[in-house]
Amino acid sequence: MSMTDRIPERFRVDVVRRLGQGGEAVVYELTGGRALRVFHRKPHGASTIAAFYRDISRGAPSFALPRILEQGEDDGMAYSLDALIPGRPLHELLASLDDEGRERALASYTDAAFEIAVLPLVRDDFGEFLRDDDSITAATWQQYLLARMQRSLAESPWLAADVPSLANLIETLTRRIEGLIPAAKALVHGDYYPGNVLLTDDFRVSGVIDFGPVTVIGDPGLDLASAVIFLEVMPGGCRPSDTAFVRDRLIPRVGAGIVDAIATYRGWYAIRFAPYRDDDPNLYAWCVKSLTDLSREFAP
């Protein structure tokens, strides 16, 4: 634990280790089978997420879902205290695996993504519902994606300087988003990546964590795409064969159109997460690289 870590005083003696960091929070394992999430700022939707977890637990997926024990603010820091789900994040497990074990772990990770879409949750509109007062919703999936993209661009004015071809890319992304056809209207985790998927030592998914402000009602293809593209964001990086393996495991189940959807959602996510530049420089570097690469890929 770094001396610069922000942890409410009453929890510091119980910290076992730092589990990871994302755009919203830093997560620690505590004694007593607990996990502490310390938010970078006041979290969106804290008042509703515990009820949300109770609702989706009725779906009985093959893996555990988060269960909140306590929420609050202490020493000026917002936090959530959760029941600890046994297992190791995929990115941590992969580092020690041989090729066969790596493929088994990635197969479990890929297959679990499909279970998110069948969790029980009904909302009239497409879009966000776990944010307190600034959710974006829309009558169609495409309208939601475009509205969120525009807000994220407004919240990251630095992006234009870091991606000189951004204006042309946004035009192309807009056309591609308008052409998306959702496979269904379903629950979408929104941040399905190796740090949020826990596996046992025998490569079974034991839990999916960290639903939150990026969780939406929309196209389940968004989670399938993120399962591929966010391998690149995990600590230590990934092998090109990892993304190819996950992509190729998806194609027989959802069709070759997922390849184009992955490219479109890559661009959307790169803009979506650009406002987190100061909270997660590694993620922002991925955003810039992805947008720069897509500018070349989408060039006439």
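All residue numbers in this chain count up from 1 along the given sequence. The figures here come from the full heavy-atom set of this structure, side chains too, leaving out hydrogens, waters and symmetry mates.
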Can you tell whether the side chains of Arg249 and Asp111 come within less than 4.0 Å, N to carboxylate O? yes
Are the side chains of Leu294 and Arg296 in contact, using a 4.5 Å heavy-atom criterion? no
Can you tell me how far apart CZ (Phe245) and CG (Leu231) are? Round to the nearest 0.5 Å. 11.0 Å
Close side-chain approach of Val27 and Leu36, heavy atoms under 4.5 Å: no
hydrophobic_cluster_shared for Leu153 and Ile177, side chain cutoff 4.5 Å: yes
Quick one: do Leu198 and Val233 end up in the same hydrophobic cluster if we chain Ile, Leu, Val, Met, Phe, Trp and Tyr together by side-chain heavy atoms under 4.5 Å apart? no
Between Ile49 and Gly212, which heavy-atom pair has the shortest distance, and what is it? CD1-CA, 4.0 Å
Between CD1 on residue Ile262 and CG on residue Leu224, distance to nearest 0.5 Å: 8.5 Å
Are Arg266 and Glu297 within salt-bridge range, i.e. N to O under 4.0 Å? no
Would Arg104 pass as a cation-pi partner of Phe203, given that its NZ or CZ must be under 6.0 Å from the six-membered ring centre and within 45 degrees of the axis? no
Aromatic centroids of Phe52 and Phe211 separated by under 6.0 Å: yes
Backbone N or O of Cys287 within a donor-acceptor pair of the Ser290 side chain at under 3.5 Å? no
Quick one: do Leu159 and Leu291 satisfy side-chain contact (heavy atoms from CB on, under 4.5 Å)? Show the steps, please. CA-CA 10 Å; Leu159 195 57; Leu291 293 171; 3.9 Å; yes
Are the side chain of Gln142 and the backbone N or O of Leu180 linked by a donor-acceptor pair below 3.5 Å? yes
Can a side-chain donor-acceptor contact be found between Asp278 and Tyr284 if the only test is distance below 3.5 angstrom? no
Between the main-chain N or O of Gly87 and the side-chain N or O of Thr200, is there a donor-acceptor pair closer than 3.5 Å? no
CA sep, side-chain torsions, deciding dist, call: Val26, Arg18, side-chain contact (heavy atoms from CB on, under 4.5 Å): CA-CA 8 Å; Val26 183; Arg18 191 177 195 264; 3.6 Å; yes
So with a 6.0 Å cut-off around CG of Asp124, is the heavy-atom count from everything else above 12? no
Close side-chain approach of Phe129 and Thr215, heavy atoms under 4.5 Å: yes
Any idea which heavy atoms bring Ala117 and Pro220 closest together, and the distance? CB-CB, 3.7 Å
With a 4.5 Å cut-off on side-chain heavy atoms, are Leu173 and Phe298 touching? yes
Hey, mind stepping through Glu103 and Leu106 against side-chain contact (heavy atoms from CB on, under 4.5 Å) and telling me if it holds? CA-CA 5 Å; Glu103 289 193 354; Leu106 287 168; 5.7 Å; no
So, Asp210 and Arg37, do they make that salt bridge, N to O below 4.0 Å? yes
Just wondering, do Phe273 and Val214 contact through their side chains at under 4.5 Å, heavy atoms? yes
Hydrophobic clusters here meaning ILVMFWY residues chained together by side-chain heavy-atom distances under 4.5 Å, can you tell me if Tyr265 and Val259 are in one? yes
Short side-chain to backbone donor-acceptor contact, Asn196 and Asp191, under 3.5 Å: yes
Grouping I, L, V, M, F, W and Y whenever their side-chain heavy atoms are under 4.5 Å apart, do Ile85 and Ile116 come out in a common cluster? no
side-chain contact (heavy atoms from CB on, under 4.5 Å) for Glu178 and Thr174? Distances and angles first, verdict last. CA-CA 6 Å; Glu178 289 171 343; Thr174 297; 3.7 Å; yes
Salt bridge present between Asp242 and Arg239 (N-O < 4.0 angstrom): no
Spell out, as yes or no, whether a donor-acceptor pair under 3.5 Å connects the side chain of Asp223 to the backbone of Val188. no
Close side-chain approach of Tyr53 and Ile68, heavy atoms under 4.5 Å: yes
Taking the six-membered ring of Trp268, is NZ or CZ of Arg148 closer than 6.0 Å to its centre and within 45° of its axis? no
Taking only Lys NZ, Arg NE, NH1 and NH2, and the carboxylate oxygens of Asp or Glu, determine whether Asp279 and Arg41 approach each other closer than 4.0 Å. yes
So how far is it from Arg131 CZ to Ile136 CD1, rounded to the nearest 0.5 Å? 7.5 Å
For the residue pair Cys238 and Thr243, establish whether any side-chain heavy-atom pair is separated by less than 4.5 Å. yes
Quick check on ring pair (Phe, Tyr, Trp, His ring centres under 6.0 Å): which of Phe230, Phe114, Tyr109 does Tyr192 satisfy it with? Tyr109
Is it true that Arg102 and Asp98 have a side-chain N and a carboxylate O under 4.0 angstrom from each other? no
Would you mind checking if Asp14 and Arg34 are paired as a salt bridge, meaning a charged N to carboxylate O distance below 4.0 Å? yes
Are there over 12 heavy-atom neighbours, none belonging to Arg88, within less than 6.0 Å of that residue's CZ? yes
Could you tell me if Ser62 and Glu115 have a donor-acceptor pair between their side chains, going purely by distance under 3.5 Å? yes
Would Ile7 end up clustered with Leu69 when hydrophobic side chains under 4.5 Å apart are linked, directly or stepwise? no
To check you understand the geometry: which heavy-atom pair defines the closest contact between Val205 and Ser108, and what is its length? CG2-O, 3.4 Å
I'd like to know if the side chain of Arg176 pairs up with that of Thr264 as donor and acceptor (distance under 3.5 Å, no hydrogens or angles considered). yes
Hey, what do you get for OH (Tyr269) to OG (Ser152), rounding to the nearest 0.5 Å? 11.5 Å
Distance, nearest 0.5 Å, that separates OG1 of Thr137 from CD of Gln143: 10.0 Å
Should side-chain heavy atoms under 4.5 Å link Ile, Leu, Val, Met, Phe, Trp and Tyr, which residues sit in the same cluster as Ile181? none
Kindly write out the residues that satisfy side chain to side chain contact (heavy atoms under 4.5 Å, CB included) with Glu29, not counting sequence neighbours, or none if the list is empty. Val16, Arg17, Leu19, Leu84
For Gly221, is there any backbone N or O sitting under 3.5 Å from a side-chain donor or acceptor partner on Asp219? yes
To check you understand the geometry: which heavy-atom pair defines the closest contact between Glu73 and Tyr79, and what is its length? N-CE2, 3.6 Å
Are Val216 and Phe126 packed together at the side-chain level, in the sense that at least one heavy-atom pair is separated by less than 4.5 angstrom? no
Spacing of Ser156 atom OG and Arg272 atom CZ [to the nearest 0.5 Å]: 10.5 Å
